[in-house]
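Every number for a ligand or one of its atoms is a count from 1 in the order of the listing. Treat the numbers as computed from the prediction; the structure is a model and nothing was measured.
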Amino acid sequence: MIKTNKLENLFLSDIVIFGGLGDLSIRKILPAIYFRLQAKQLADNCRVILISRKDFNKKEFEDILRSKIENGIEDVSKKDLNHLISICEYYKADLNQKGCLNNLKSFLRSEDNVVRLFYFSVSSTLFGSITKNLKEAQLITPKSRVVLEKPLGHNAESSREINNEIAGYFNESQIFRIDHYLGKETVQNLMVLRFTNNLYENAWNAQNIDNIQITVSENLGVGSRGGFYDKYGALLDMVQNHLLQLMCLVAIEPPNILDANTVRDEKLKVLKSLRPIDIDSCKTHTVKGQYTRGKLDGKSVKSYLEDIEKFNSDTETFVAIRAYIDNWRWAGVPFYLRTGKRLSRKHSQITINFKNIPHNIFPDGKSIVNNKLIINLQPEESIELVQTVKTPGPGGYRYEPISLVLDYGSSFKERFPDAYERLLIDVIRGNQTLFMRKDEVEASWKWIDSINQSWAKAKIKNHLYSSGSNGPGDHILLDKHEWNN
Ligand code: BG6
């Protein structure tokens, strides 16, 4: 029997990472384990088994791990890093090969209290083969959980196939489809903001809101992920998951309790109410683009085609969509979704543009700016409420818009855990609230498919935009509105 204290008993786990030496594992998953071990939320004697195809001896493996993780953690503690490395094991496997996991059992503990976490951080085309191999090697226990990284397939059909395949071996309560945006502090704060402040909730509807804008802008290009990215593009890489999840949190009806299925039921209703984008509306309701060479922070950067080392590609690195949720609360309110790579800066933001006042009583007739609630998700975390106030001074009424700012960062001084830290612990605890249910994923793919198919039928082309700009062709979409930049 393994000796553990009460706390460790809860969180004792064997974490198996497929794609263990891949980019995500090194940048996010292993640092998340490092910090949760440090916070004593994971037991000291957890085990981490990293699976990859390459050949390493123990020393090479440990050296690679140390140098890669060290680079990614600020003020890394040598002692804690040594501890993490001491609990990591390497397992070599070609995941397409039958029987490739037959020797994994000796790395895992069989006690009932050990949570077995299988983290699939590889292409979803391998998910079926991995699951079959886990089954064949008799590694799936009642306390096993499986984490599926996005993108889950490339359309509704392939996503359904993958989901069905996995459902043959794991119950839905064991499956955690991850969208790391749901683990971000500021994204979770959306639920708190909406459902604890009566002031907002009363105005949160088509009667009071003119339009909503959700922007996830990145200044990075595709980097070393060109091979992967070129098969997906911004619509599948970002909108299908992160932007739709943000939209769901802004648009859902209040769940009656904070419970995984109740929250997910409400999100599903939003996704099912999305108006499909057909061959006509894709011309007026969507814009897609691809970055060309340009300047960022004073430095010249390459075009997308140069980054992926191809002469030609139709893959979009920018997408903007005017979406409508056809239900009572949101009838007629445009939701502008926008995301792109190599834009002028990294920032993620949600702007709620309230309707303007119906009548101006002030004699100079100067236009009044509508109230806006601006939720800055990253990198600066803050909430701004733009309202009009009197400009001080005698002689008539003069007024101007001023922001009331709640700076999340300076109000809460402690370090914000990375999204993966929270999500990892939620998986171990078995809490699925922040993970997507099968029907949610399918509903979001259905809407995304409507866009992709319409783009193909209408032969929609990319608008080229210079790296470092704010993207292309916004005017086509925006109607009378303006982006909140
Ligand atoms: C990932 C996408 O899911 O999210 C990447 O695949 C993107 O292309 C990343 O860069 C953005 O995440 P974050 O947390 O940096 O906003």
Trainee: For ligand 1, which atoms have a heavy atom of Glu218 less than 4.0 angstrom away?
Mentor: 7 (C), 10 (O), 11 (C)
Trainee: With a heavy-atom distance limit of 4.0 Å, tell me whether Tyr181 approaches ligand 1 through its side chain, its backbone, both, or neither.
Mentor: side chain
Trainee: On the six-membered ring of Tyr232, is Arg225 placed so that its NZ or CZ lies under 6.0 angstrom from the centre and within 45° of the ring axis?
Mentor: no
Trainee: Which of the atoms in ligand 1, numbered in the order shown and given with their element, are less than 4.0 Å from a heavy-atom of His242?
Mentor: 1 (C), 3 (O), 4 (O)
Trainee: Side chains of Asp179 and His242: any donor to acceptor distance under 3.5 Å?
Mentor: yes
Trainee: Kindly confirm or rule out a cation-pi arrangement of Arg275 over Tyr324, judged by NZ or CZ under 6.0 Å from the six-membered ring centre and within 45° of its axis?
Mentor: yes
Trainee: Which protein non-hydrogen atom lies closest to atom 12 (O) of ligand 1, naming both residue and atom, and how far is it?
Mentor: His180 NE2, 3.2 Å
Trainee: Quick check: Arg225 and ligand 1, any N/O pair under 3.5 Å apart?
Mentor: yes
Trainee: Using a strict cut-off of 4.0 Å, indicate which atoms of ligand 1 neighbour a heavy atom of Lys341.
Mentor: 5 (C), 7 (C), 8 (O), 10 (O)
Trainee: Which residue owns the protein heavy atom closest to atom 15 (O) of ligand 1, what's the atom, and how far is it?
Mentor: Lys346 NZ, 3.0 Å
Trainee: How close do Gln41 and Ile425 get, heavy atom to heavy atom, and via which atoms?
Mentor: OE1-CG1, 3.5 Å
Trainee: For Tyr181, is the NZ or CZ atom of Lys184 found under 6.0 angstrom from the centre of its six-membered ring and inside 45 degrees of the ring axis?
Mentor: yes
Trainee: Could you find the nearest protein heavy atom to atom 14 (O) of ligand 1 and give me its residue, atom name and distance?
Mentor: Lys184 NZ, 2.6 Å
Trainee: What are the two closest heavy atoms between Met247 and Ile214, and how far apart are they?
Mentor: CA-CD1, 3.6 Å
Trainee: Could you verify whether a donor N or O on one side chain and an acceptor N or O on the other, from Ser444 and Gln240, lie under 3.5 Å apart?
Mentor: yes
Trainee: Give the atoms of ligand 1, by number and element, whose distance to some non-hydrogen atom of Gln378 is under 4.0 Å.
Mentor: 13 (P), 16 (O)
Trainee: Tell me: protein heavy atom nearest atom 6 (O) of ligand 1, and distance?
Mentor: Asp237 OD1, 2.6 Å
